[in-house]
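Take a look at the structure set out below.
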Amino acid sequence: MNEFLEILKYLLPSMVMFAVVYYFIKMFLDNQVKKQELQIREAMKKTVLPIRLQAYERMVMFLERISPAGLVIRVGSPHLSADQLKGKVISSIREEFEHNLSQQLYISSHAWELIKNAKEEIIKLVHTASGSLQEGAQGPDLGKAIIEQGVAQNNQAISLALNFIKKEIQEFY
């Protein structure tokens, strides 16, 4: 029994000291890991933020390019028939959209949905304008109808998407 107490007299302080050292080392290492994670997140923000802003910029440009007035002016030609202009306009919208498909990785899901809805609304507007024309109408007639219907609808889908994008970008700053 005496020997046991003698061993315990040396062992107990050693165990307490081991527990204290273990606790401090664990706290130190946990803090180091948190610091490294924070540094990695900050580095990623510095890398990803410009890419995200560029994606938003490209989507704003896409929305502006598919606005009815800009689209008709950019794609239209006085020598086209209404059907040819309709095909070119819809083709232009789809090509522009497909060109920017990868940007959905960098923007929010809600923003992407609003952009897709705006694209579909403009395509629907083109079909509606085309359907309202008389047979044998020319490209300028369709262009005028597209612009008039765009003004009448006030480009709501495009405005909604643009406003949401602007609001989302302001959250970065």
Side-chain angles (χ1 to χ4, degrees), residues 1-71 73-75 87-128 149-151 153-173:
M1 176 86 169
N2 232 358
E3 291 173 6
F4 177 72
L5 288 175
E6 195 65 31
I7 292 173
L8 193 59
K9 195 172 20 171
Y10 293 110
L11 195 57
L12 189 58
S14 298
M15 288 181 11
V16 169
M17 189 62 149
F18 174 77
V20 169
V21 168
Y22 174 79
Y23 175 74
F24 282 119
I25 289 176
K26 183 171 178 6
M27 278 183 31
F28 174 76
L29 291 176
D30 287 345
N31 281 339
Q32 290 298 92
V33 167
K34 286 179 185 176
K35 283 181 186 177
Q36 284 180 339
E37 287 174 353
L38 187 61
Q39 289 173 344
I40 289 170
R41 266 191 243 128
E42 289 298 319
M44 284 184 64
K45 279 184 185 177
K46 287 180 183 176
T47 304
V48 172
L49 184 61
I51 294 170
R52 288 190 75 189
L53 289 174
Q54 183 181 25
Y56 282 110
E57 180 182 305
R58 284 183 61 178
M59 296 320 302
V60 166
M61 192 170 15
F62 166 73
L63 290 168
E64 291 296 336
R65 288 176 63 89
I66 67 168
S67 69
L71 193 60
I73 291 169
R74 194 177 72 254
V75 176
K88 281 187 82 168
V89 166
I90 291 173
S91 175
S92 176
I93 293 170
R94 289 192 174 134
E95 285 174 12
E96 190 83 28
F97 182 75
E98 288 171 7
H99 179 72
N100 290 300
L101 268 175
S102 63
Q103 302 310 307
Q104 67 182 300
L105 293 173
Y106 304 108
I107 64 176
S108 70
S109 300
H110 187 62
W112 184 251
E113 285 301 316
L114 290 172
I115 291 165
K116 285 189 337 187
N117 289 342
K119 174 194 74 121
E120 293 303 321
E121 286 297 317
I122 297 301
I123 290 174
K124 190 185 331 177
L125 181 138
V126 171
H127 284 295
T128 304
Q149 286 193 14
V151 168
Q153 290 182 2
N154 200 21
N155 296 332
Q156 289 178 354
I158 290 175
S159 297
L160 183 65
L162 283 171
N163 289 334
F164 184 81
I165 287 172
K166 289 174 186 176
K167 191 169 118 179
E168 213 167 74
I169 288 174
Q170 288 175 350
E171 291 175 7
F172 293 141
Y173 297 105

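Being a predicted model, the structure only gives us computed values, none of them experimental.
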Inter-residue atom distance F97.CZ - L63.CG, 0.5 Å rounding:
10.0 Å

Only counting residues at least two apart or in another chain, list the ones meeting side-chain contact (heavy atoms from CB on, under 4.5 Å) with K166.
none

Output all residues satisfying ring pair (Phe, Tyr, Trp, His ring centres under 6.0 Å) with H110, sequence neighbours left out; order by chain, then residue number.
F164

Considering residues at least two apart in sequence or located in another chain, which fulfil the side-chain hydrogen bond (donor to acceptor under 3.5 Å, both in side chains) criterion with E95?
S91

Can you run down the salt bridge (charged side-chain N to carboxylate O under 4.0 Å, His left out) pairs that involve residues 46-68, sequence neighbours left out, and say none if there aren't any?
R65-E96

Enumerate the salt bridge (charged side-chain N to carboxylate O under 4.0 Å, His left out) contacts for residues 11-32, please, sequence neighbours excluded, ordered by first and then second residue.
K26-D30

After noting the C-alpha distance and the side-chain angles of E168 and S108, does the key distance pass the side-chain hydrogen bond (donor to acceptor under 3.5 Å, both in side chains) rule?
CA-CA 9 Å; E168 213 167 74; S108 70; 2.6 Å; yes

I'd like to check the ring pair (Phe, Tyr, Trp, His ring centres under 6.0 Å) partners of Y106; sequence neighbours left out, ordered by chain and number.
none

Kindly indicate whether the side chain of N117, heavy atoms from C-beta on, has any atom under 4.5 Å from the side chain of L160.
no

Donor-acceptor contact below 3.5 Å, side chain T47 vs main chain A43
yes

Side chains of V89 and I122: does their closest heavy-atom pair fall under 4.5 Å?
no

Of I93, I158, N100, the one forming a side chain to side chain contact (heavy atoms under 4.5 Å, CB included) with K119 is I93

Smallest separation among heavy atoms of A118 and A157, with atom names:
CA-CB, 3.6 Å

What one should report as the nearest heavy-atom pair of G150 and P68 is CA-CG, 3.9 Å

Is there a side chain to side chain contact (heavy atoms under 4.5 Å, CB included) between R94 and I123 once you walk through the steps?
CA-CA 9 Å; R94 289 192 174 134; I123 290 174; 3.9 Å; yes

Residue pairs, two or more places apart or on separate chains, that pass salt bridge (charged side-chain N to carboxylate O under 4.0 Å, His left out) and touch residues 1-24
E6-K9

Which residue pairs pass the salt bridge (charged side-chain N to carboxylate O under 4.0 Å, His left out) test with at least one member in residues 99-118, sequence neighbours excluded?
E113-K116

Decide yes or no for W112 and L101: does some side-chain heavy atom of the first lie under 4.5 Å from some side-chain heavy atom of the second?
yes

Could you list all the ring-ring contact (aromatic ring centres under 6.0 Å, His included) pairs where at least one residue sits in residues 20-51, not counting sequence neighbours?
none

Taking side-chain hydrogen bond (donor to acceptor under 3.5 Å, both in side chains) as the test, write out the residues that go with Q103, two or more places apart.
none

Could you pull out all residues at least two apart from S92 that satisfy side-chain hydrogen bond (donor to acceptor under 3.5 Å, both in side chains)?
R74

Can you tell me how far the NZ atom of K88 sits from the CG atom of L71, to the nearest 0.5 Å?
11.0 Å

I115 and I165: CA distance, side-chain angles, deciding distance, side chain to side chain contact (heavy atoms under 4.5 Å, CB included) verdict:
CA-CA 9 Å; I115 291 165; I165 287 172; 3.8 Å; yes

Can you tell me how far apart CG (N163) and CD (Q156) are? Round to the nearest 0.5 Å.
11.5 Å

side-chain contact (heavy atoms from CB on, under 4.5 Å) involving I25 - partner list, sequence neighbours excluded
V21, L29

